[in-house]
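Here you go, one structure.
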Amino acid sequence: MLESLGLDAVQEQLYERVLTQPGLAADDLTDDRAVLDQLVGLRLLRCTNDRYTAVPPELALQRLLDDRQLELDRAAARVRELERLHRATPDPDRQVPVQFVPGDEAPYFQGAIHATTRNQLRAFETPPYGKPFDLGDAEPEVGAIHRGVRHRIVYSREAVEVQGLDVLRLTLTIGEEARVAGEVPLRLSIFDDSVATLPLRTGRPVTEGILVIRPSALLDSLIALFEHVWSTALPLTPDLSDGLDPEDDETLIALLAAGMGDQAIARQLGISLRTVGRRVQRVQSSLNAATRFQAGVAIGLRTTP
């Protein structure tokens, strides 16, 4: 009956006998001393002065039951992980151009694809996101960059403000290539040239589901769209990786190049909105720019390699 907990019939019968006849010596219980030693090792029996008593079932057997349940939970988690890897791995025999992945599976699915990417990730980043950003959200990208995977990301201005400079600096300092556009058409990730993912509905978080695009004319079009937007976006200046000096106009220029608005700059530098406006005007004058747009173009030219 208790084979599922790792006890064979002989061990179970001996445990039951000690449970109902506590205090017997080994010679009175069995000719096989090894079975007693096994039950003591499993913490089902106690031995004092060669007399045996049973640990109560609600303690001993419940512990075995809990241990086995933990093993089953781990096995079930591993099965789900393997299933996600299976679904994320291209297979010409079962491939369809467009696949839907439910929202509760989407983060794991994208993580599995990211983990198997070998050459390049291209992405548009724009809100909404399913949760607030923190440094831990950058771990998959950091790991992939360390593996030698090239990352080219176009951020919308709003994405820069939402993600924050701490997250952006973390990836910029280790090799992410980033650019900024006022807006990007949609949230998009392209892994190598083999698969792309995007939200089920434009302007909705991936936690509501994603579409997975396999090799097809649609994937080719998404790649072309990314390259077009990349070619027109402004580089995200490396100056952001050096820390922020609220008194330095170069810091202000770096934040303007990142596409940040006045309120976001004020938050990042810890200064008033009026001070930001005054210093932006000063930067415009130094760049001979009559408008913020002209200043943005000039900054873009400064930061383009």
Side-chain angles (χ1 to χ4, degrees), residues 120-129 132-135 137-138 141-142 144-145 150-190 196 198-199 202-203 205-206 222-246 248-269 273 276-277 279-280 283-284 286-287 289 291-305:
Q120 179 177 209
L121 169 70
R122 290 169 281 195
F124 291 148
E125 278 294 337
T126 189
Y129 298 107
F133 261 84
D134 57 48
L135 293 179
D137 294 316
E141 181 175 346
V142 171
I145 292 174
R150 185 184 185 190
H151 281 60
R152 291 196 289 150
I153 316 294
V154 180
Y155 294 90
S156 70
R157 181 182 298 110
E158 189 178 3
V160 173
E161 296 184 7
V162 170
Q163 292 197 21
L165 295 182
D166 288 340
V167 174
L168 292 175
R169 278 198 297 267
L170 179 62
T171 53
L172 284 171
T173 54
I174 61 172
E176 177 190 293
E177 301 170 48
R179 296 190 177 185
V180 181
E183 295 181 351
V184 295
L186 73 167
R187 191 174 177 191
L188 171 71
S189 297
I190 304 171
L198 59 152
T202 302
V206 297
L222 291 173
I223 292 173
L225 174 63
F226 174 85
E227 294 297 346
H228 173 71
V229 175
W230 174 265
S231 69
T232 58
L234 294 175
L236 188 54
T237 170
D239 291 343
L240 288 178
S241 65
D242 299 331
L244 302 179
D245 180 357
D248 184 11
D249 281 347
E250 289 298 318
T251 296
L252 182 63
I253 289 172
L255 297 177
L256 289 171
M260 284 193 165
D262 287 0
Q263 289 186 342
I265 292 174
R267 286 197 304 270
Q268 291 290 336
L269 297 182
L273 194 59
V276 171
R279 290 180 58 187
V280 167
V283 168
Q284 287 179 202
S286 69
L287 296 172
T291 65
R292 284 190 63 144
F293 176 78
Q294 292 176 351
V297 172
I299 291 169
L301 294 174
R302 283 180 50 154
T303 57
T304 302

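Throughout, numbering of the chain's residues begins at 1 and tracks the sequence.
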(request) Evaluate side chain to side chain contact (heavy atoms under 4.5 Å, CB included) for E125 paired with R187, printing each intermediate quantity in order. (result) CA-CA 5 Å; E125 278 294 337; R187 191 174 177 191; 3.9 Å; yes
(message) Tell me every residue that passes ring-ring contact (aromatic ring centres under 6.0 Å, His included) with F124, counting only those two or more places apart in sequence or in another chain.
(response) F226
(message) Once rounded to the nearest 0.5 Å, what's the spacing between atom CD1 of I145 and atom NE2 of H151?
(response) 5.0 Å
(message) Which heavy atom of V154 sits nearest to which heavy atom of A181, and what is that distance?
(response)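 That would be CG1-CB, 4.2 Å.
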(message) Tell me if the CD atom of Q263 is crowded by more than 12 foreign heavy atoms within 6.0 Å.
(response) no
(request) Could you list the residues that satisfy side-chain hydrogen bond (donor to acceptor under 3.5 Å, both in side chains) with R150, not counting sequence neighbours? (result) E177
(message) My understanding is that only residues two or more places apart in sequence, or in another chain, count here; which of them pass side chain to side chain contact (heavy atoms under 4.5 Å, CB included) with A138?
(response)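 With sequence neighbours excluded, A138 shows a side chain to side chain contact (heavy atoms under 4.5 Å, CB included) to V142, V167, L170, T171, given in chain and number order.
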(request) Decide yes or no on side chain to side chain contact (heavy atoms under 4.5 Å, CB included) for V184 and Y155, but give the supporting numbers first. (result) CA-CA 7 Å; V184 295; Y155 294 90; over 6 Å; no
(request) First locate atom CG of L188, then atom CZ of R122, and finally report the distance between them rounded to the nearest 0.5 Å. (result) 9.5 Å
(request) Quick one: closest heavy-atom pair of V162 and Y129, and the distance? (result) CG1-CD1, 3.8 Å
(request) Check step by step if salt bridge (charged side-chain N to carboxylate O under 4.0 Å, His left out) holds for R152 and E176. (result) CA-CA 6 Å; R152 291 196 289 150; E176 177 190 293; over 6 Å; no
(message) Can you confirm whether P127 sits close enough to P205 that some side-chain heavy atom of one is under 4.5 Å from a side-chain heavy atom of the other?
(response)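 The answer is no, as the side chains (C-beta and beyond) never meet within the 4.5 Å cut-off.
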(request) Indicate the atoms forming the closest heavy-atom contact of T202 with P185, along with that distance. (result) CG2-O, 4.0 Å
(message) With rounding to the nearest 0.5 angstrom, report the CD to OG1 distance, E227 to T232.
(response) 11.0 Å
(request) Measure the spacing between OG1 of T126 and CD of Q163 and express it to the nearest 0.5 Å. (result)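 Result: 9.5 Å between the selected atoms.
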(message) Measuring from atom CD1 of I223 to atom CD1 of I190, what distance do you get when rounded to the nearest 0.5 angstrom?
(response)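 So the CD1 of I223 and the CD1 of I190 are separated by 5.5 Å.
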